2 protein chains.
Amino acid sequence: MRSTLQTVADEVGVSRSTVSNAYSRPDQLSPELREKIFDAARRLGYAGPDPAARSLRKGRVGAIGVLFSATLSYAFTDPYAVQFLRGLAETAELHDTGLLLMPLAEDATAAAAAVQNAVVDGFCVYCLPDWHSAQAAMRLRKLPVVSSERRDAGDPEARFVAIDEAAATLAAGRYLAALGHRRIALIADWIVPERETRPVATARPEDVPYYVSRERLAGYRDAFAEVGVEWPEIATVNAAQNSRAAAAQAASCVLDRAPRPTAILAVSDMLALGVLDALHTRGLRPGRDVSVIGFDDIPDATTAGLTTVRQPALEKGRQAGALLLNPPEDLAQRQVVLPTELVVRASTGPAPDA
Amino acid sequence: MRSTLQTVADEVGVSRSTVSNAYSRPDQLSPELREKIFDAARRLGYAGPDPAARSLRKGRVGAIGVLFSATLSYAFTDPYAVQFLRGLAETAELHDTGLLLMPLAEDATAAAAAVQNAVVDGFCVYCLPDWHSAQAAMRLRKLPVVSSERRDAGDPEARFVAIDEAAATLAAGRYLAALGHRRIALIADWIVPERETRPVATARPEDVPYYVSRERLAGYRDAFAEVGVEWPEIATVNAAQNSRAAAAQAASCVLDRAPRPTAILAVSDMLALGVLDALHTRGLRPGRDVSVIGFDDIPDATTAGLTTVRQPALEKGRQAGALLLNPPEDLAQRQVVLPTELVVRASTGPAPDA
DNA sequence: CAGTGCTTCTGAATCGATACAGTACTCCGA
DNA sequence: TCGGAGTACTGTATCGATTCAGAAGCACTG
């Protein structure tokens, strides 16, 4: 049988509480007794307080659940995601907290059950559509939740670390418009719920189900509307997933037909790099023949000379952790909006046709 | 106050156990009563059995701790690691189990404490040197542990999913030796405990502290000894970490001096890709001027035309999960050695000098 | 020597759930 | 009408820890 606090207490001939104190409140007993207790523990092969029992009593388990609707491997393919998680892990570590990775199953019931049974102190949701069954299950748990996206203004209790998505792409769009670009293509994932790479001409930004893509598309729409390019004139392509390969395929949809767009706007750097791949295989020069812009500013963007919108991924993760583990009293301070910045590199330039 | 099983039981006027049964053993009570209980629960905002309390009673938490001695971001930079974790996550998901990521702190005491307090059912250690304080802390917990590396034969209880590291590089080394290569350079991380990129001429394989690097170097040593190239003639370079950039820098140490090695052997694909980068910047042709070989066979190896030793990362992860969550009765079957395979691509060829 | 204050230790209550033995009740057949 | 089987539910012990009020012991003070 495994030994418990009680076993050790009996062995030494003291009470359970005293043994407990020996481990977690050394100042409450004499060093001699403490040593005697540890001796007995060693003899009995007792490893110290059982974490499960401790967490029941303390009401704290030392782990936060990280929710995302994707496979693990996919989640960690994007350096942006990795940076975010790293920031989160940094803060978590400061608070002696681990990260419980919960890639959510396709099956809605199973996903909800996973959320219900997770032994965690809170949740960090990351790239999880509003309509997902896990969102409701989370609310039921009544644990603190922090999101990496802005939540509906409806809930003043909501905690999030976000950026102003639409403002960021509005600025980026204006920059491209000023360079003379008028024939535009947009590539994004989750423009439609289906995971397919294909043009989706009809979609208006408002109809895009996933918050991030919706906002970013809206920003671009507004920017080009200012120079007279209306939304229906902009080619929008849905990428099956946020990967280089999918984006390269998506880019083919618009590159291989005339007239070719002069600028391709992607909602992430992963997608933008795929677009660059597509240009490369066709012998087209980025920033001369076709301008390409991304979002996130991952390390590869620098080496690829990709113009992009920088968002502070690491900082987002750090602050998300802080909001969960050490929330400010003031509710307003629990809704953080971080700045973004347009980083101009070689992949954008004046529109080629005069 | 948060509502509990008891609260709901009082509200409905039944016993605690009945409410418990309503949630986890529906066949033990009438559908009517069950509905009544759920109604009350909804009214009171009770979300169902508390996972922490349940896990205390059941003796099962539903999470396994994943240990590695590195930052999160580093761990997920290597596609091999990601694949392994994906396999692990797959099996875990089948057993309704989550992964608790535990990047271990530098501080030995803190790392040990983290292991002691982790609310988990078992540990999977991955890329953790034997000397690390967490190893001892783990043994104390007396929970099942699975390693992704072969453990000392001393412990017949040890569970691991490994490959025959030395045999793999022995085969790879022989292949290169047969191609005529005699001037060899080796690049590995953790040849010495310090995280610095620099030649480490003196190190013998036996002295390398980290198991994986030690074995792989030994395999290569033996292969070249067979054709008369003794160990001291082989240039060994320590890479600060398992990254492309570090490897490129490490490769510089041997490429920029005469006579240049005809083959550079890296203990991982990440490192090998860095070597290819270094060749590229110097206008050297892989497989002609310098042969390069890696280890792992990550996806990028295919596109880069990298000759490498394939190891089944995904399968390793899956089996590691199975060993932890559904261990075979037979102790011998808990020690799995998976096959490896030499995959020849364009980055290796006959030694250039006749 | 009673009274005070301090440290050290004890014992009981508590957390939220599950397991199990036992009770109450219904139903059926003889 | 009685007995036995089966179902629905109750009450209590238990898991392994933490917490807290208070008891015991001790030294010191007046």
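Being a predicted model, the structure only gives us computed values, none of them experimental. Labels below follow one simple rule: chain letters A, B, ... track the order of the sequence lines, proteins then strands, and each chain is numbered from 1.
A close approach under 4.0 Å does not occur between any side-chain nitrogen or oxygen of Y46(A) and OP1 or OP2 of dG16(D). For the OP1/OP2 pair of dG16(D) and a distance below 4.0 Å, the side-chain nitrogens and oxygens of S20(A) include no atom meeting the criterion. Put simply, S15(A) has no side-chain N or O that comes within less than 4.0 Å of OP1 or OP2 on dG11(C). For R54(A) and dT18(D), the shortest distance from a side-chain N or O to OP1 or OP2 is below 4.0 Å.
Atom pair L33(A):CG and dG25(D):C1' shows a separation of 15 Å (rounding to whole Å applied). Atom-to-atom, CD of Q28(B) to C1' of dA19(C) comes out at 11 Å; the value is rounded to the nearest Å. The separation between L5(A) atom CG and dG11(C) atom P is 15 Å, rounded to whole Å. The CZ-P distance, from R60(A) to dA17(D), rounds to 17 Å in whole Å. In this structure, the CD1 atom of I37(A) is 8 Å from the P atom of dT10(C), given to the nearest Å. Atom pair R57(A):CZ and dA17(D):P shows a separation of 13 Å (rounding to whole Å applied). For the pair N21(A) CG and dC9(C) P, the computed distance is 10 Å after rounding to whole Å. Q6(A) places its CD atom 9 Å from the P atom of dC15(D), with the value rounded to the nearest Å.
When heavy atoms are screened at a 4.0 angstrom cut-off, S55(B) is found touching no nucleic acid atom at all. Residue contacts for Y23(A): at a heavy-atom cut-off of 4.0 Å it reaches no nucleic acid atom on any strand shown. Contacts of T18(A) with the nucleic acid, taken as non-hydrogen atoms under 4.0 Å apart, include base atoms. Residue contacts for S17(B): at a heavy-atom cut-off of 4.0 Å it reaches a base atom on one of the strands shown. As judged by a 4.0 angstrom heavy-atom cut-off over every strand, L29(B) is placed among residues touching the sugar-phosphate backbone only. Nucleic acid contact for R25(A): sugar-phosphate only, since backbone atoms but no base atoms lie under 4.0 Å from a heavy atom of the residue.
The side-chain heavy atoms of R159(A) and V145(A), taken from C-beta on, include no pair separated by under 4.5 Å.
Using a cutoff of 4.0 Å between basic side-chain nitrogens and carboxylate oxygens, D39(A) and K36(A) are not scored as salt-bridged. E35(B) and R42(B) are joined by a salt bridge, as a carboxylate oxygen and a charged side-chain nitrogen come within less than 4.0 angstrom of each other.
A tilted orientation is assigned to the rings of Y23(A) and F38(A), their planes being inclined by 30° to 60°.
Comparing V14(A) and L56(A) against DNA chain C, the residue whose closest nucleotide sits nearer the 5' end is V14(A).
Not a single donor-acceptor pair under 3.5 Å links the side chain of D121(A) to the backbone N or O of R60(A).
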